[in-house]
Amino acid sequence: MSNVPMSTASRSISEERTRQWLAAQAAPDDDEVESIAESSVVDSLDYEYSEYTLDENNDDDDDNQNTGEEISTMTLGTPITANKRSNISDTLRDLMNSINSIQTVGNVNISNSTNVHIGNVTNINGNIQIIANSLSRARHERRKTSLTEAPVPDIEPNSNHHNEDESEERVCSDVFINSQKFKIPKELCSIIPRHSWLAQTPMEKPEVLQRPVQYVVILHTATESSEKRAINVRLIRDMQCFHIESRRWNDIAYNFLIGCDGNIYEGRGWHAVGAHTLGYNRIALGVSFIGCFMRELPTPDAMNMCRNLLARGVEDGHIAPDYRLICHCQCNSTESPGRRLYEEIQSWPHFYNIEKEKQ
């Protein structure tokens, strides 16, 4: 067991060495050098020996005097008393606090090194969602041109804004997929299933729709519209709740719903009779655009997805190849699917003019 006292001479030598080192660097003025030298010696020496040195000026071994403890070696695994453990913990805590409190960084010269970092490091565990502000009109047009050359999937497509000055946050799915070698064609018809928008189970077993159907009815929901998937999901859930609890229908009225975000949402689906158009529910599919389209059209993505849905229905045998495309206002006294959208649907293939048939 050996004693290692801290002497004044040792302190002076350490201070002198620190001054010499600082002088060799691009050091500040003399006062700052003196301050750094003294603090360096205190931080590196005082905490090292203060708790474990004998008092040079006091040779009394009385336990009531603050004489410190001896530095000694011990066999690995030797138990440490609670008092000694507490003293060691306090000393280490003070030492770490003193080290962490020194924020001085002078000239740094690093060579032949990799993975060097100076400053704080923040580690994030979990998923990261990238949020970007909507683009201005000019930037949107440039981006639209680039996306035409390299299409992105219709999971969260960007579409033209009704108000270009409005700045709103949206999730840019293309941020995560631009680096992929193969991109999902935007023309594919991807239908979001019922469980993805947390649909309720039908109140009763639905009636089976006889397919292929001869008619497809286009409607609108007469609600707000949105280019955000989360808002459209909320709207669909509200509609289903209204149709079941207020209308006393078995389920949401429509077979499919199309949002201005460019997504197709499964309502009753291909196989169930809907409750969308009186007199046509058992012979037609009801496809409703989410929104009110009296003065404006749905987004181009929404219109494109509707055409894709009809083409897929024909290819899969759910819709007859020579089907008749009609609008809700042709069958019942209503404004659905909106005057502007009705004008557009009249120019689509398979549009059927019921009035001429009656004449």
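The analysis underlying the following values was restricted to heavy atoms, covering all of them including side chains, and did not include hydrogens, waters or symmetry mates.
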How many angstroms lie between OH in Tyr265 and CE in Met305, if you round to the nearest 0.5 Å? 12.0 Å
Would Val287 end up clustered with Val314 when hydrophobic side chains under 4.5 Å apart are linked, directly or stepwise? yes
Take Arg237 and Val233, measure what side chain to side chain contact (heavy atoms under 4.5 Å, CB included) needs, and give me the verdict at the end. CA-CA 6 Å; Arg237 293 185 65 188; Val233 166; 4.2 Å; yes
One should read off an interatomic distance between Glu245 CD and Gln200 CD, to the nearest 0.5 angstrom, of 6.5 Å
Got a salt bridge between Arg211 and Asp316, using NZ or NE/NH1/NH2 to carboxylate O under 4.0 Å? no
Could you verify whether a donor N or O on one side chain and an acceptor N or O on the other, from Trp270 and Glu266, lie under 3.5 Å apart? no
Rounding to 0.5 Å, atoms CH2 (Trp197) and CZ (Arg229) come to a distance of 12.5 Å
Is it the case that atom CZ in Arg282 sees more than 12 heavy atoms from other parts of the structure closer than 6.0 Å? no
Out of curiosity, does Ile231 fall in the hydrophobic cluster containing Ile252 (side-chain heavy atoms, cut-off under 4.5 Å, transitive links)? yes
For Asp238, side chain to side chain donor-acceptor pair (under 3.5 Å) partners two or more places apart: none
Verify whether one side chain among Arg312 and His318 offers a donor that lies under 3.5 Å from an acceptor in the other. no
Do Phe351 and Leu341 belong to the same hydrophobic cluster, where Ile, Leu, Val, Met, Phe, Trp and Tyr are linked whenever their side-chain heavy atoms lie under 4.5 Å apart, directly or via other members? yes
Would a 4.5 Å heavy-atom cut-off, applied to side chains only, mark Leu325 and Ile218 as touching? yes
Just verifying a value: how many Å separate Cys241 SG and Arg247 CZ, rounded to the nearest 0.5 Å? 13.0 Å
If hydrophobic clusters are built by linking Ile, Leu, Val, Met, Phe, Trp and Tyr wherever their side-chain heavy atoms come under 4.5 Å apart, do Phe242 and Leu219 end up in the same one? no
Check whether the ring centres of His220 and Phe289 lie less than 6.0 Å apart, and answer yes or no. no
Show the nearest heavy-atom pair for residues Ile192 and Ser196, with the distance to one decimal. CG2-CB, 3.5 Å
For Tyr254, what residues pass the ring pair (Phe, Tyr, Trp, His ring centres under 6.0 Å) criterion, not counting sequence neighbours? His243
Test item: Val217 and Cys327 side chains (from C-beta on) under 4.5 Å apart, heavy atoms: no
Contacts of Phe293 that satisfy ring pair (Phe, Tyr, Trp, His ring centres under 6.0 Å) - sequence neighbours left out: none
Distance, nearest 0.5 Å, that separates SG of Cys189 from CG of Leu309: 5.0 Å
Arg339 and Glu343 ion-paired at < 4.0 Å: no
Nearest heavy-atom approach of Glu224 to Ile290 is O-CG2, 3.8 Å
Same apolar cluster (I L V M F W Y, side chains within < 4.5 Å links), Leu198/Leu235: no
Does the pair Cys329 and Ser336 meet the rule for a side chain to side chain contact (heavy atoms under 4.5 Å, CB included), with working shown? CA-CA 5 Å; Cys329 58; Ser336 176; 5.9 Å; no
Any side-chain heavy-atom pair of Glu344 and Met303 under 4.5 Å: yes
Heavy atoms only: give me the nearest Val216-Ile319 pair and the separation to one decimal. CG2-CD1, 3.9 Å
Just so I know, are the side chains of Pro202 and Arg194 near enough to count as touching, which here means a heavy-atom distance under 4.5 Å? yes
Any non-hydrogen side-chain atom of Asp251 less than 4.5 Å from a side-chain atom of Met203? no
Test side-chain hydrogen bond (donor to acceptor under 3.5 Å, both in side chains) on Thr221 and Thr223 and set out the steps. CA-CA 5 Å; Thr221 61; Thr223 62; 2.8 Å; yes
Nearest 0.5 Å please: distance from the CD1 atom of Ile326 over to the OH atom of Tyr352. 9.0 Å
